[in-house]
Amino acid sequence: MRYLDPTQVSRRMNGRIVKNKSAKGLFFLATLFGLIVLAVLIYRVVVDGIGWIDWSFLTGRQSHDPERAGIMGAILGTLWMMVVVAPVTLILGIGTAIYLELYARKGRLQSFIQTNIANLAGVPSIVYGILGLTIFVRAMKMGNIVLAGGLTLSLLVLPIVIVAAQEAIRAVPSYLSEASYGMGATKWQTIKNIILPAALPGILTGAILALSRAIGETAPLTVIGIPALIIPFPEGIFDKFTALPMQIYYWTLDSSLVTEYANLAAATIVVLLILLFLLNSVAIFIRNKFQQRY
Amino acid sequence: MSLATVKENVSMAKNQSNAVISTSTVNGIVFDTKDLNLWYGETHALKEINLTIHEKEVTAIIGPSGCGKSTYLKTLNRMVELVPSVRTTGVITYKGKSILDKAFKVEDLRTHVGMVFQKPNPFPKSIYDNIAYGPRIHGIRNKKILDEIVEKSLRGAYIWDEVKDRLKENAYGLSGGQQQRLCIARTLAIEPDVILMDEPTSALDPKSTLKIEDLVQELKRNYSIIIVTHNMQQAARISDRTAFFLDGEVIEFNDTDTIFTNPYDKRTEDYISGRFG
C-alpha cells in the first residue's frame, strides 16, 4: 500500500506552488516598503537642499543670514570629533573584545559583563549625553569642547565596536590557532600573528559602522551643551565647536522664523549623507582588501 | 651560510627557551606514560593508560570513534589543555622529564613535539610564510636562514618541486593533499624530535593518502612518529607498533605484526576483523 496517492499529490501541487510564489511576493513587498520610504526621503531632502549647496556654503562661516551661512565650522567640528572617537573606540573596543574572547574565563562574571555590554548597546543615546555632561564637561571641567563631545560619543559607540570585534574574533576558525599553539607559539604570538590579522576585516567594518553612527548623533551633543552658533573654526580637540547634526537640528528648529533655514538644513543633510556614504565605502573597501580566505 | 650553521642557530634558539629537555632518550623510549587518567568535566575519557613510545619508530593508535585515541595524542603535547575543563592524573615523561607538571612549559614541549592535524590547516598566508612561521616565533629573523629552513622543510616533506616556483602564493591555492604535506613541512621547520599525526589522511583522496604514507616511512628515519588512524590497513602498512584503544583504555599494545596476525585479546581481533567500529 502507498501512503502518497499520486492523484492526491498532483491535486495539491498547484496550491503549494501558488503559496511558494506568494511568499516570495510578500517578502519583496516588505523590502520595497523600506526602499520607497528611503527614496522619498532622499528625494525631498535633495530637492529642498541641492540648490543651496555651493562652494561658499561648504567653506563659509556660520551666519544668521541664510544667504551668507556656511557649514565649514560644522564639518571641521565633526571631523575633529572623529579624530577623538576613532582611536578611543578602536583601542578600548578591540582590547575589551580580545580580553573577553581570549583571556577571560568563561563563567558567571564573564557572562554578566557580556550581558551588560549587549544592554549598553541598547541604552538611549541621550543617557550617554547625561553621562558625558556629568563626567567630562562638569567633573573633569573640560567644558563643551571637541574632546568632551568625542569622548561622549566614544562611550556611546564602544559597545558596538566591542560586539563587532568579539564576533570577528570568534569567527576565526580554531584550527588556525591550534596550528600556531602546536608549534610552540605563546598565546600573545598566536593572537598577534594569526587571530588579529584574520579578524581584522570584521573588526574594521564594525568600527567604521560605529563611526557612522557617531557622526549622525545629535541628542548627546545637545545635552552636553554644544552651541548652535560658533563663528571661529575649531583648530584642535580643545576648541569649542559645533557639528553637522547640531547644525541641522538648530536650523530645523528655527525654520518657522526664517523659511530658508529649512533649505539650509536639507542642504546640510545632503552633505552629512555624502560623508556617511564615503565612510561606508571605506568600510567596504577595507573589508574586501583584507578579506582572507579560510 | 651552511646548513650546519642553520641547525646550530635553530638549536641555539631552542636552548635559550629550554634548558630542561635533553636530546638523548632513556633506553630508546621517547614517551613513557604511567597510569594516565583524563577527565573532560565529569566524563572519564582516558583510564589507566600505560604506554611506551619508542624512538624513530611509527606507533599507530587505532580504535573506534570516541575511544580516546585523539585525546591521548593531544595529551602528549598538552594541546588537550585548550579544553578548559580537562583534568589529568598519572605521569607522562618525555625523555625522562615529567611533562604534565604545570611548571613544565608547554611552549618548550611543543617545539620538540610537533603536530599534524586531521584537516589540513595552513594559515591564510603565503607558502613561504607558512613554513617560516615556526622559526619566526622562535626568534629567527635572518632572511637567509629562513630561506634555507623553508627549502629544507619543503624538501623534507617532498613538496619542494611542486611549490618552489610559487612560494609567495597563498597556501590555499594548493590541493588538499598538497596542503597536508605543507602542514607536515611546517611542522618539520621547528625541527621537532617527535611528530604527532591526528588522522592526517582522513580528509584526503587515496592518491594523496598514499603520498603521505610514503612520506611517513621516510620521516621515521629521523623522527619518532605517533599516528592516530581510523584506517586499520594504514596502521598495518606503515606502523612498527600498534596500540588498540577502546572506551578510554588500552586493550592491547604490541608489534604491529603481532596485533594484526595474532592478537591475544578477543576485542582486538573483533575490531581488526571489522566486526565492530
Side-chain angles (χ1 to χ4, degrees), chain A residues 94 97-114 165-205 285-294, chain B residues 13-14 17-18 21 73-74 76-85 105-126 129-139 153 170-173 179 182-183 186-192 195-198 203:
Chain A
I94 298 174
I98 289 176
Y99 177 76
L100 287 176
E101 281 303 309
L102 301 166
Y103 285 99
R105 285 169 63 107
K106 304 277 173 279
R108 276 210 194 129
L109 181 67
Q110 200 256 1
S111 69
F112 177 74
I113 295 175
Q114 192 66 59
Q166 276 186 291
E167 271 163 18
I169 288 170
R170 220 176 299 147
V172 178
S174 61
Y175 55 75
L176 292 182
S177 41
E178 279 169 18
S180 175
Y181 289 131
M183 280 184 279
T186 62
K187 189 159 196 167
W188 171 234
Q189 284 176 320
T190 304
I191 292 174
K192 182 166 60 99
N193 298 315
I194 303 300
I195 298 176
L196 278 186
L200 196 66
I203 292 175
L204 288 181
T205 310
F285 174 77
I286 289 176
R287 191 181 54 208
N288 293 348
K289 186 164 160 53
F290 286 99
Q291 207 141 45
Q292 292 163 319
R293 280 186 306 143
Y294 46 78
Chain B
K14 269 184 194 172
S17 64
N18 165 49
I21 297 177
L73 194 76
K74 285 178 192 159
L76 295 179
N77 67 348
R78 284 176 56 182
M79 288 288 278
V80 79
E81 288 170 19
L82 293 180
V83 181
S85 62
K105 292 196 204 82
V106 286
E107 289 85 1
D108 266 348
L109 178 65
R110 291 171 190 163
T111 311
H112 290 79
V113 183
M115 186 162 202
V116 177
F117 296 82
Q118 188 169 359
K119 212 180 131 212
N121 58 351
F123 299 125
K125 299 173 184 283
S126 71
D129 287 339
N130 262 279
I131 308 295
Y133 183 81
R136 278 181 179 143
I137 58 171
H138 293 292
S153 308
N170 195 298
Y172 281 70
Q179 286 185 17
L182 180 77
C183 290
R186 186 175 62 181
T187 304
L188 299 184
I190 57 169
E191 306 196 324
I195 301 175
L196 308 176
M197 295 185 168
D198 189 2

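Letters A, B, ... are given to chains in the order of the sequence lines, protein chains preceding strands, and every chain is numbered from 1.
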Query raised in the report: What do you reckon, is OH of A/Tyr103 surrounded by more than 12 foreign heavy atoms closer than 6.0 Å?
Result: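 Enclosed: over 12 neighbouring heavy atoms sit under 6.0 Å from OH of A/Tyr103.
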
What closest approach, in Å, do [X] and [Y] show between heavy atoms, and which atom pair accounts for it?
{"X": "B/His138", "Y": "A/Met183", "result": "NE2-O, 2.9 Å"}
{"X": "B/Phe123", "Y": "A/Leu176", "result": "CE2-O, 3.3 Å"}
{"X": "A/Thr190", "Y": "B/Tyr133", "result": "CA-OH, 4.1 Å"}

With a 4.5 angstrom heavy-atom cut-off, is it the side chain or the backbone of [X] that approaches chain A, or both, or neither?
{"X": "B/Val113", "answer": "backbone"}
{"X": "B/Arg78", "answer": "neither"}
{"X": "B/Lys119", "answer": "side chain"}

Report task. Count the heavy-atom pairs under 4.5 Å between each of B/Arg186, B/Met115, B/Arg136 and chain A, then report the option with the highest count. Result ->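 Maximum pair count with chain A is reached by B/Arg186.
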
Query raised in the report: Between NZ of B/Lys105 and OG1 of A/Thr186, what distance do you get to the nearest 0.5 Å?
Result: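 That separation rounds to 12.5 Å.
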
Requested in this report: Rounded to the nearest 0.5 Å, what's the gap from CD on A/Glu178 to NZ on B/Lys74? Could you check?
Outcome: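 Taking CD in A/Glu178 and NZ in B/Lys74, the distance rounds to 6.0 Å.
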
**Report entry** Toward chain B, the part of A/Ser180 with a non-hydrogen atom under 4.5 Å
**Finding:**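 It is both, since atoms from each part get that close.
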
Report task. Heavy-atom pairs under 4.5 Å with chain B are the metric here; pick the option from A/Ser174, A/Ser177, A/Ala179 that has the most. Result ->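 Heavy-atom pairs under 4.5 Å are most numerous for A/Ala179.
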
